[in-house]
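Chain A is the first sequence line, chain B the second, and so forth, proteins listed ahead of strands; every chain is numbered from 1.
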Amino acid sequence: MLLAKLYQQDRGGSFLLMALLLAAVLVPVLNLWVPESSPLHLSTYTVTLLGKYLCYALLAMALDLVWGYCGILSLGHGAFFALGGYAMGMYLMRAIGDRGVYGNPELPDFMVFLSWQEVPWYWNGFDMFWFALLMVVLAPGILAFVFGWFAFRARVTGVYLSIMTQALTFALMLAFFRNEMGFGGNNGLTDFKDILGFDLQADSTRIGLFLVSVLVLALAYLACRYIINSKLGRVVVAIRDAEDRARFVGYKVESFKLWLFVFSAVLAGIAGALYVPQVGIINPGEFAPLNSIEMVIWVAVGGRGTLYGAAAGALLVNYGKTYFTAAFPEIWLFALGALFVLVTVFLPRGIIGLMRRGKDRQS
Amino acid sequence: MKVLDRTREVMRRDRVFDFMMPKVVFSPDLDTRHGPILYLEGVTVSFDGFKALNDLTLYINNGELRCVIGANGAGKTTMMDVITGKTRPDAGSVYFGQKIDLLRMSETDIAQGGIGRKFQKPTVFEFHTVYENLELSMAANKQVWHTLFARLNGEQRDRIDRILELVGLVEERHRLAGVLSHGQKQWLEIGMLLMQNPRVLLVDEPVAGMTVQETERTAELLTSLAGEHSVVVVEHDMEFVRSIARTVTVLHEGSVLAEGSMDEVQNDPRVIEVYLGE
Ligand SMILES: Nc1ncnc2c1ncn2[C@@H]1O[C@H](COP(=O)(O)OP(=O)(O)OP(=O)(O)O)[C@@H](O)[C@H]1O
Ligand SMILES: [Mg+2]
């Protein structure tokens with residue numbers, strides 16, 4: 001009943017959810033129970049790769065929520081993603097315990113290397129998983145709140161806002177590169193051993209992480225869809241299309257932008273937190289301004305303002321990236337640039353827009 | 001130098017930052033005992049030294065329909081900007097009723113407090129349907145959290161239906177506002193104002209780009225609104241102004257040149273001079 005209704009109202013979304021469900025069933029079966037000799041066997045490497053794509057899909061969806069629906073072109077979502085990742089990384093770091101290279105029970109390796117005597121205060125609590133999860137939400141959330149509070153109140157919009165978000169992520173990158181910050185400098189956090197006691201190298205843990213990613217992506221999609229279909233969603237689109245009108249109708253434009261931006265940043269942070277245990281490392285490179293620009297391309301390619309389009313774009317572009325960087329590493333950046341130009345010129349509404357147009361013609 | 005001026009402006013000692021101002025509470029019964037609902041006194045607005053409004057003093061009575069005319073650049077739109085909080089004047093005071101100081105309120109508070117405004121260039125939410133445009137404009141709790149769970153109730157639906165009928169857009173209710181004709185957009189915007197339950201309607205050039213029939217219907221609509229609402233209409237179309245006006249105010253170079261009935265104003269030698277002098 002509910003599902004039928006969902007299907008009628010939101011075909012693309014139902015398709016995404018179906019695909020996720022299918023993946024949640026097939027991937028574990030093909031990886032764990034199909035013997036390695038079989039051609040149908042899915043390697044653990046591929047499972048991890050797919051899990052990584054799902055994190056990117058979640059990140060793209062978060063970006064689409066603010067860009068596609070509210071016209072806030074954030075070129076700094078990589079920062080929120082990385083902050084969530086660092087919060088998770090800090091937990092994983094503490095979980096190593098005395099199994100580090102230096103065997104120090106108290107200090108993570110990089111601190112021993114810097115000959116620090118004790119763990120800095122802001123590492124307190126990260127040995128507890130729930131605390132780390134809280135930080136996964138709070139660190140990007142609070143940063144987005146503070147940034148948005150100033151930017152939206154000062155009515156910074158358009159290109160200026162985009163530049164400010166780039167500056168934000170760039171500044172964080174420089175800060176995290178510094179050893180004195182206490183986040184592992186340019187090596188970042190790595191050599192993780194286990195999460196909640198499960199060995200990170202084990203196939204079953206990989207599958208577990210993959211399934212959690214599927215679940216979180218599905219839930220996030222439903223949450224975003226709920227917001228967009230609510231009156232709040234209509235207000236947000238109204239702000240995108242005629243900000244002054246919305247203001248003179250009586251909506252506090254800056255509050256709406258702020259809360260949407262914070263929610264989006266939190267989703268990005270969660271994506272980062274899911275990403276880190278799967279790829280096994282987080283370093284300041286994740287803050288690189290270029291990363292944040294790449295995310296915009298995923299959304300543009302998929303088709304902004306649809307949510308599922310953003311997810312599809314992220315999967316597609318990253319699949320292309322994996323393929324290209326293996327086959328012709330030098331041309332990936334050019335291919336990405338060309339893709340962006342092609343999409344903006346010929347497919348302003350992305351691949352989803354193209355598919356919809358095809359359907360309209362048929363009917 | 002400009003930066004310094006800006007800084008000084010922000011740091012002015014006779015004014016606190018907007019967001020730190022105490023919340024003004026609207027009482028449902030606005031104090032209009034003395035007649036006027038809007039008081040503009042000595043309002044001056046200058047843009048880089050050019051005075052768009054120059055010591056403007058103007059009173060709008062409760063329930064009246066007032067037409068404001070004036071040549072291009074006379075300051076009509078700027079006057080509306082000042083009333084709705086979009087532009088802060090350099091000098092002067094603006095009161096809503098006896099007690100509410102509009103200069104201390106934000107645009108959204110003014111809008112929620114009962115002053116609705118139609119822009120010179122018709123502005124509607126183009127990617128929403130006509131119905132949704134009205135829904136969004138409706139007087140309601142407009143806080144973020146509240147809108148997330150808001151649902152239309154029967155009474156509210158009736159209200160939207162009534163307004164749809166009033167502005168003649170019943171057939172178009174499910175069409176996107178972006179595909180409406182120019183005239184229909186103007187009406188939709190007026191409908192959106194009405195959804196806000198305003199005490200005062202500021203209507204900037206409502207019949208620009210309308211056909212003769214549309215203009216006539218708009219005249220009817222606006223006259224029917226006066227009484228229950230106070231309506232301020234800015235318009236260039238003299239024919240239209242003549243058809244609805246009871247009191248006309250002529251603005252010239254940012255201040256009031258003449259005020260009275262249409263005939264009085266048209267025979268005023270100063271008005272003739274300004275209009276013919278161009
Ligand atoms: N933001 C601004 N910056 C600089 N000058 C401005 C600004 N807004 C208005 N002006 C100037 O102030 C004067 C009054 O403008 P206003 O828009 O109020 O005129 P108006 O009476 O509405 O004219 P119209 O009939 O053309 O709409 C004009 O000369 C205009 O150029
Ligand atoms: Mg004007």
Side-chain angles (χ1 to χ4, degrees), chain A residues 65-71 141 144-146 148-155 222-264 304-306 348-349 353 356 360, chain B residues 10 17-19 80-81 83-86 106-119 121-129 131-152 156 176-178 185 188-189 192-193 195-198 202 204:
Chain A
L65 189 66
V66 287
W67 184 34
Y69 291 93
C70 201
F145 185 88
V146 172
W149 200 87
F150 285 106
F152 299 137
R153 209 155 279 254
R155 300 201 183 162
L222 290 174
C224 291
R225 182 55 63 195
Y226 180 83
I227 292 179
I228 290 308
N229 285 351
S230 73
K231 187 176 176 188
L232 174 69
R234 291 194 283 283
V235 174
V236 162
V237 172
I239 290 173
R240 177 193 73 187
D241 295 338
E243 184 168 325
D244 263 343
R245 182 74 274 170
R247 194 172 274 129
F248 286 109
V249 152
Y251 291 103
K252 266 202 158 37
V253 168
E254 55 273 18
S255 311
F256 281 84
K257 284 187 175 174
L258 181 60
W259 287 111
L260 197 74
F261 190 64
V262 168
F263 181 71
S264 168
R304 69 187 170 119
T306 56
R349 307 204 39 220
R356 276 198 189 156
D360 290 349
Chain B
V10 171
F17 296 113
D18 285 1
F19 64 85
M80 293 198 170
D81 286 345
I83 297 172
T84 53
K86 191 173 184 203
S106 72
E107 291 137 301
T108 35
D109 288 340
I110 294 175
Q112 290 191 353
I115 299 184
R117 167 180 194 179
K118 193 195 92 55
F119 291 105
K121 176 173 174 290
T123 319
V124 293
F125 305 129
E126 309 231 324
F127 284 89
H128 285 308
T129 63
Y131 197 87
E132 287 168 336
N133 267 274
L134 294 179
E135 180 213 357
L136 289 177
S137 316
M138 182 159 43
N141 184 337
K142 285 177 176 162
Q143 254 139 23
V144 178
W145 195 243
H146 197 269
T147 54
L148 183 58
F149 302 106
R151 290 269 177 282
L152 281 178
Q156 291 171 324
L176 286 186
K185 280 187 193 166
L188 175 57
E189 202 176 353
M192 289 164 73
L193 295 197
M195 289 305 297
Q196 294 176 53
N197 260 341
L202 304 174
D204 204 345

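- Closest of all the heavy-atom pairs between A:A242 and B:T123 is CB-CG2, 3.8 Å.
- Taking B:F119, B:F127, B:F149, B:W145 one by one and counting their heavy-atom pairs under 4.5 Å with chain A, the maximum is reached by B:F119.
- A 6.0 Å sphere centred on OH of A:Y226 holds more than 12 heavy atoms belonging to other residues, nucleotides or ligands.
- With rounding to the nearest 0.5 angstrom, the CZ atom of B:R117 is 5.0 Å from the CZ atom of A:F248.
- The CZ atom of A:R247 sits 8.0 Å away from atom OG1 of B:T108, with the distance rounded to the nearest 0.5 Å.
- For chain B, the option among A:D244, A:I227, A:V253, A:L260 with the highest count of heavy-atom pairs below 4.5 Å is A:D244.
- Contact residues of residues 231-240 of chain A toward chain B are A:K231, A:L232, A:R234, A:V235, A:V237, A:A238, A:R240 (heavy-atom distance under 4.5 Å).
- In summary, B:E107 and A:R155 engage in a salt bridge, as defined by a charged side-chain N under 4.0 Å from a carboxylate O.
- For B:A140, the part sitting under 4.5 Å from any heavy atom of chain A is the side chain, from C-beta outward, and nothing else.
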- Task: May I have the step-by-step check of side chain to side chain contact (heavy atoms under 4.5 Å, CB included) for B:T147 and A:F256, ending in yes or no?
- Result: CA-CA 10 Å; B:T147 54; A:F256 281 84; 3.5 Å; yes
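- Under the side-chain contact (heavy atoms from CB on, under 4.5 Å) criterion, B:L152 pairs with B:Y131, B:E135, B:M138, B:Q156, B:R157, B:I160, not counting sequence neighbours.
- Between the side chain of A:Y251 and the backbone N or O of B:L136 there is at least one donor-acceptor pair closer than 3.5 Å.
- In plain terms, the two heavy atoms of A:R245 and B:Q196 that are nearest each other are NH2-NE2, 4.5 Å.
- Expressed to the nearest 0.5 Å, how far OG of A:S230 lies from CZ of B:R151 amounts to 8.0 Å.
- Residues A:V249 and B:K142 meet the side-chain proximity criterion, which asks for heavy atoms closer than 4.5 Å.
- Separation of atoms CH2 (A:W259) and CG (B:L148) is listed at 12.5 Å; rounding is to 0.5 Å.
- Around the CZ atom of A:R225, the shell of radius 6.0 Å holds more than 12 heavy atoms that belong to other residues, nucleotides or ligands.
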